[in-house]
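Note that this is a predicted model, so its numbers are computed, not measured. Each chain gets a letter, A, B and so on, in the order the sequences are listed, and its residues count up from 1.
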Amino acid sequence: MANNQHEKEAFRGTGGLLLTLGIELVLYALIMAIFLDHGGTTLIIDVILAAAAIVYFKRNHALADKISATLAANRKAAWIGVIVLLLAVPFVLQASAYWLFIVITAGLFMMACLGLNIQLGSTGMMNLAGAAFQAFGAYTAGLLALNYGLPTWLTLLAGALVTGLFSILLFIPVLKTKGHYLALVTIAFQFMVVILVENMEWTGGPQGLKNIPLMNFFGYSFNEPLNLGFITLHKYANYYYFTLLLLFALGIAAHRIYHSWVGVTAATIRDDEVAAQTNGVQVNKWKLTLFVLGNCFIGLSGAFYSHMVGFISPPNFAFDKSLVMVSIVILGGMDNVLGIILGAFLLIILPEKLRFIQDYRFMIYGIVLIVMLIFQPRGLLPFVPRSYAELIQRYRHKLLQGKKAQGGQEA
Amino acid sequence: MSVLDMIIQQSINGLMLGIMYSLVAVGFTLYFGVLNVINFSHGDFFMLGGFMALILYGIADTLGWTQNVPLLIIYLFLGSMILTALIAIITARICVKPVSKAPMLISLLVTLGLGIAIREAVRVFYPRGSDPKGFPTLLPQGSLSIGNIVIRYENVIIFVLGVLVIVVVNYLITKTKMGMAIRAVAQDGEAAMMMGVDLDRTIDITFLIGAAVAAVAGIMNGFYYGQIMFNMGAMMGVIGFSASVIGGLGNVYGAIVGGILFGLLETFAAATLPMGAENKRVFAFFIVILFLVFKPTGILGEKVYERV
Amino acid sequence: MQKRTFASLLVIFSVVLILSLVFTACGPGGGGAKKTVKIAWIGPLTGGNAGPGIGGRNSFELAIKEANANPNSKYTYEAVFIDDECKPEVGVQAALKAASDPEVIASVSHYCSMVAISTVDTFHNNGLADIVWGAVLPAITYGNDYKEVFRVNGTMIQQNKVHAEDMVKWGYKTVSIIHDTSDYGRGHMEYFSESAKEVGLQILSVQGVVTDQQDFTTELTKIKAEDPDVIYFGGLAPLGIPLRKQMVKLDIRSQFDGTSGIKNNSFNEALGPDAEGVISYLEGAPLEELPGGMKFKQAYEAAGYKEPPEAYGPFAYVAAQLAIEAIEKVGPDRQKVVDELATTKGKDTIIGEVTFDEYGQNIVPLVTAYVSENGQWVPLSQSSYKEGGTKELPGITFMKEKGRR
Amino acid sequence: MNNNKILYTQDLSIHFGGLVAVDRVNIEVQRNTILGLIGPNGSGKTTIFNMLTGLYIPTGGNFFFEGESLLGKPPYEIARKGIARTFQSSRLCLDLSVLDNVFIGMHPRQKHWLTSAVFRRSALAEEVYQAYEKAMHLLNIFNPELVKRSSEPAGRLPQIDRRRVEICRAMAMSPKLLLLDEPSAGMTPEEITELMNDIRKVQQESEDITIIIVEHVMSVIRTITDHVVVLNFGRKIAEGTFHEISHNPEVREAYLGKRG
């Protein structure tokens, strides 16, 4: 298999391991430095370094291949390294809860965009009503917690499920329209939802919902600082770790769905509905299933937000937020789970860092969006063909073990 | 005021609102027809047209050219159309052309980014750009009363001018050689290129016409409402897009039908439904969704059999 | 070969690590004789409400500059400006940004009610004093018992009570209401309706409009048929301007009364002569009537700000002064500053006397009616429109024509 | 007798607006044979395929597959009954890998979906493994090169290989009836011969498969079909063995135009 070839080219042994961890540590330091730096110097240095690295690696393919092979060869270690570094984030950002909050916000966007990606990236269904679906999740969780005092785990779950249910409301338009028309359907829906929420009494109208209980799991309140014995972390560390946990779970789920028949089916529907139909795919059933599934992710992120901030109101779920979500998916790379994470990171955290240029921020945001799309129209991390090596390996392994056992019996 | 008077008066209101929407919708139809692009920055060119006219008026005012009103109006329209179109062509060459072959999503997002950049540039670079700006009153302000119904001269002028602009656009793209080229590109870009149509030039011309019409709409909007604002294009873009779909994307007259229908829907929803004023857009957008589901080709669009 | 690339990677890695450490370590360095204390200002600097936002920021900055110029002040003050875009979500981030910087001792925050109400929790949780300079929603101070939240400007309740009473004084009997559907417009509508009922005004209709609407002919045609004495508008200038313009075009000559949201320069500039005779209510006394008012005006102009201070600039200025005074007195300690601010009583400022009640709300005795005259907002009592003045409010003329007065 | 007739149509017709595309066509296809469907451009061959696969709903007539009427059934259901097809202009998903394209052909037989994908990976792994073996086997019949390139995007393959992959996708369904729409379009004569040999191989390998093939290249029709149906302007004008129809004057006229 191709994998073996890569292994030959990789740095082996301790050198490879050190390189893997070294790369992770450098990237981590570069990113964390952006947060800790009050001004924008680090950001500028980082951008220059990133550009230099891209240019360098484009010319020097061999080295790039070697490094990626090394990372692949040390996968386990690489993952452990990533997890440890991610767990360390609240320690690094101990002094600036603000940035921790922004990181969590980016995490929530990742969560929503993983769902949006199932719709838009995998299945090719445009959804410009992401924020409206987030509102369903947020208001469901908020109203249930406020009016009935339900526990957090239940309201989060309800937020996700109710959003999924409500998205069935849109099933006729979603199944009957495509492309630009579907885009317009979702835009119209987005505006309808926000206006309605603003004009209805029981949603709190324009003043929204106040004093939504903050997260509390079986008596453990997320609103208290996180005391680890040797150090007391800011209360947002609770939310951070919970976001991380959810993101890992949802990311793995999304990754697994991608690498399964569901992913293949979705991609076929996206690329050619007619071909899918003549191969026995129930296009409508799958479109609806994946649309609902994606909205559940989005709804969960909304429910999470309402329990983290404790206050939601209609402007939280305006059209421009839907646009940001779509930008994340397209910019990060359609149908690529890692791309979503990179996209959310860039589009949520960079503008926040760009605050030092105040007035020109949005103008630059627009320009950067254009430039990125022109030079990297398939996203920063484009779609990669599915690989079944892992699943097949897994089955072969099992088969082999089975044979050994059988052989043992016969003898 | 009797009920009938009220209905007539509200219809006039709806028509006026509708013609504003139509003028924006025609641009969407044009871009879609030619480039198969939903140009989300169109609403912002509409806004830009208004601001260009305001700048030109400021220049005229300081030079004391405000005596001859008809000439002044022509100067504002022409000047703003040319300037807006120039900016449109330049930005199209830089941002839209490189992605014209990319998937629809990309072009959609690029135009969105362009819209944000234009909107913010106006806000940042125009003096006190975030405030609403008063627009000069140049059209005759009198009115005509028939019974209880009041028709303002200004409204008649704007309405006639609006219809005229759309008729001219239709003439340009259906009857002239240039228009033929545009439509050939719309049908099949590659085939058109083989037959000697200059694709780049066609894109330029499309943006020229589209932006010029947007500029006209922006100025008329300024005359009608007496103010313009940097963010007025955002919502107008969404409504213009909706109107062009209701009318039938690709059909220029569809823009008139769609725009006026949307205007009338909003007006009567606000006038008749309980809580109508605040929920009229909900109603209008609901109708848009119904259209998309049951008649996606719009009122004037032709039924197309999907080729398998 | 392999070894060399690996070595060079290691070198790059260490260089970067060192560089980033250096940059993080180099915060804004101390030095100088006085200790630097930061005070945050939060408000809209981008988007549709950037106009009043920038006016507030300039006024705030003016107060900081004055304090720094004062040789007697114990600390050097540094202003931290954060944009909330008038969006709640961004506002929460902005408040958190201020709160997570330990050097920030107090925050003068928010013009938009929606944002102010969403951030009170954040300020409370972080023990940071939050002095609201523009948002008028009563619940910001009255909706909680957070001792960190103060407000120097008045609320909608006071404004609308005076407004409704004044309407009766002018002899109006019927009123049609248009409001925007944001919390600002809707809130004004609710409090005004309440007060109007109490004083016996008849409300003919209430219509809500969305904040990005431009065309009001439908709503106005309805109102024209109702023929009210006065049209009450609860909303901000971007809607107020086209509304007034279309009212004139439709030849509706009822009196047009607005809330504080239209009392800004752009309203007069954009409308020109059509603004004449429009009334707006604002908390506090007119600048010119206050002891330091003219001084503020002159200082503001002398500081060379291009943009006008707008209606709420003076409040941001006073909020900054209160924060600075408290810090001067008790030192740069968040908790102490909050406690000190709570004791504010009868303090003379350019917006009149400031006294915080137990909710941190300034009990402003004054609400002033302004009228647009010759392109300027003039206190009604000083204008030619005052009772017995040389001019007559359009609504009065209209009622006389109709024989209702 | 009926047992041997896998598919037959009864006055199958369709018109679009005023245009009659297919007019009362009756076709019978015997089990385990290859039927050739020929006729000039626009004579309605592809339209018949579209009706047989449910993409178009006939406006008149009926058609029966294994004795059961499939009129009005949605395409996916017809596919599940065992009718697979290829398209005139290849409809592969060019961004997806060769393997994914073949896998979609096995869609109706797959059992492990969302829950397995997330929670029961080993069950899915078994199914994937079997599908993988089957796909590789099919690809190997057509071109061993394809096995090596199976994880590349289909868009990188040359035209002939794309057609082969498309036929593999159809074969992956293990269909009883395979509809091939001009498989040789745009190929050199050598390539065509190669492809036809492959198709023969496929037919010999599977126990029970009937093929309807639309072709313009007469040598193909001559070498591989058992029976030929000729269409012109939406009507059946002749049928029989290749030899029979090639001597039919009406057929000659249709192809060459009226003389003198």
Side-chain angles (χ1 to χ4, degrees), chain B residues 1-3 5-6 9-10 12-14 16-18 20-21 119-120 123-124 127-137 141 143 145 148 150 152 154-155 221 224-232 234-236 238-239 263-264 266-272 275-282, chain C residues 44-54 178-181 185-186 205-222 224-227 236-246 248-251 264-275 306-308 310:
Chain B
M1 234 187 207
S2 72
V3 176
D5 286 346
M6 190 60 128
Q9 190 73 57
Q10 292 291 23
I12 294 170
N13 295 339
M16 288 310 297
L17 183 60
M20 292 292 161
Y21 292 162
R119 197 181 315 152
E120 284 296 310
R123 190 186 64 75
V124 171
R128 292 185 53 211
S130 51
D131 288 346
K133 297 286 162 197
F135 207 77
T137 312
Q141 292 297 303
S143 64
S145 296
N148 276 326
V150 182
R152 297 173 49 73
E154 189 186 48
N155 292 9
N221 194 80
Y224 187 53
Y225 296 124
Q227 80 152 6
I228 55 175
M229 205 173 161
F230 80 98
N231 61 2
M232 69 180 184
M235 195 64 201
M236 202 57 160
V238 173
I239 293 175
L264 287 174
E266 275 197 359
T267 302
F268 281 99
T272 56
M275 301 270 291
E278 52 219 272
N279 286 314
K280 63 183 172 188
R281 291 253 163 91
V282 176
Chain C
L45 291 172
T46 51
N49 290 301
I54 290 168
I178 290 194
H179 66 92
D180 74 40
T181 54
R186 204 181 279 272
S205 71
V206 177
Q207 297 183 82
V209 291
V210 287
T211 45
D212 47 12
Q213 193 168 323
Q214 264 202 303
D215 191 302
F216 304 98
T217 46
T218 312
E219 290 82 0
L220 287 170
T221 302
K222 255 172 114 172
K224 192 176 182 184
E226 290 163 8
D227 198 24
L236 307 175
L239 256 67
I241 293 167
L243 184 66
R244 173 63 186 166
K245 188 90 187 175
Q246 287 163 45
V248 173
K249 286 190 176 183
L250 287 174
D251 198 28
N264 53 36
N265 287 16
S266 68
F267 188 84
N268 289 324
E269 275 170 23
L271 279 169
D274 288 339
K306 280 182 296 178
E307 309 87 357
E310 300 289 6

Self-check item: Option that, when pairs with chain C are counted at under 4.5 Å, heavy atom only, ranks first among B:Ile228, B:Val150, B:Asn221
Solution: B:Asn221

Quiz prompt | Heavy-atom proximity to chain B below 4.5 Å, by part of C:Gln214 | solution = both

Quiz prompt | Distance in Å, B:Asp131 CG paired with C:Phe267 CZ, rounded so as to fall on 0.5 Å steps | solution = 13.0 Å

Quiz item: So what's closer than 4.5 Å to chain C heavy atoms on B:Arg119: side chain, backbone, both or neither?
Solution: neither

Quiz prompt | Among the listed options B:Ser143, B:Gly276, B:Ala270, B:Ala234, the residue most often paired with chain C at heavy-atom distances under 4.5 Å | solution = B:Ala270

Self-check item: Contact summary for B:Ala271 and C:Lys222, nearest pair of heavy atoms
Solution: O-NZ, 3.5 Å

Quiz item: For C:Asp212, which of B:Met236, B:Met229, B:Met232, B:Arg281 qualifies under side-chain contact (heavy atoms from CB on, under 4.5 Å)?
Solution: B:Arg281

Quiz prompt | Residues C:Gln213, B:Met235; criterion side-chain contact (heavy atoms from CB on, under 4.5 Å); working and verdict | solution = CA-CA 8 Å; C:Gln213 193 168 323; B:Met235 195 64 201; over 6 Å; no

Quiz item: Does B:Pro127 offer a backbone N or O that forms a donor-acceptor pair with the side chain of C:Lys306 under 3.5 Å?
Solution: no

Exercise. Go through the atoms of B:Glu154 and report whether side chain, backbone, both or neither lie under 4.5 Å from a heavy atom of chain C.
Key: side chain

Exercise. Taking salt bridge (Lys or Arg N to Asp or Glu O under 4.0 Å) as the test, write out the residues that go with B:Lys133, two or more places apart.
Key: none

Quiz item: Is it the backbone or the side chain of C:Pro308 that comes under 4.5 Å from a heavy atom of chain B, or both, or neither?
Solution: side chain

Quiz item: Is C:Glu310 salt-bridged to B:Arg128, cutoff N-O under 4.0 Å?
Solution: yes

Practice problem: Output the distance between atom CD1 (C:Ile241) and atom CZ (B:Phe135), rounded to the nearest 0.5 Å. | Solution: 14.5 Å

Practice problem: Decide yes or no for B:Gln9 and C:Lys224: does some side-chain heavy atom of the first lie under 4.5 Å from some side-chain heavy atom of the second? | Solution: no

Quiz item: Taking every heavy-atom pair that is under 4.5 Å apart, which of C:Gly51, C:Ala50, C:Ala270 has the most such pairs with chain B?
Solution: C:Ala270

Quiz prompt | Proximity breakdown for C:Glu226 and chain B, heavy-atom pairs closer than 4.5 Å | solution = neither

Self-check item: Side-chain heavy-atom pair C:Lys245, B:Gln227 within 4.5 angstrom cut-off
Solution: no

Self-check item: OG1-CD1 distance between C:Thr218 and B:Ile12, expressed to the nearest 0.5 angstrom
Solution: 12.0 Å

Quiz item: Heavy-atom distance under 4.5 Å to chain C: side chain of B:Phe268, backbone, both or neither?
Solution: neither

Quiz item: So, for B:Pro132 and C:Ser266, which heavy atoms are closest and what is the spacing to 0.1 Å?
Solution: CD-OG, 3.7 Å

Exercise. Answer whether the closest heavy-atom distance between the side chains of B:Asn13 and C:Gln246 falls below 4.5 Å.
Key: no

Quiz item: Which residue out of C:Arg244, C:Lys249, C:His179, C:Glu269 racks up the most heavy-atom pairs below 4.5 Å with chain B?
Solution: C:Lys249

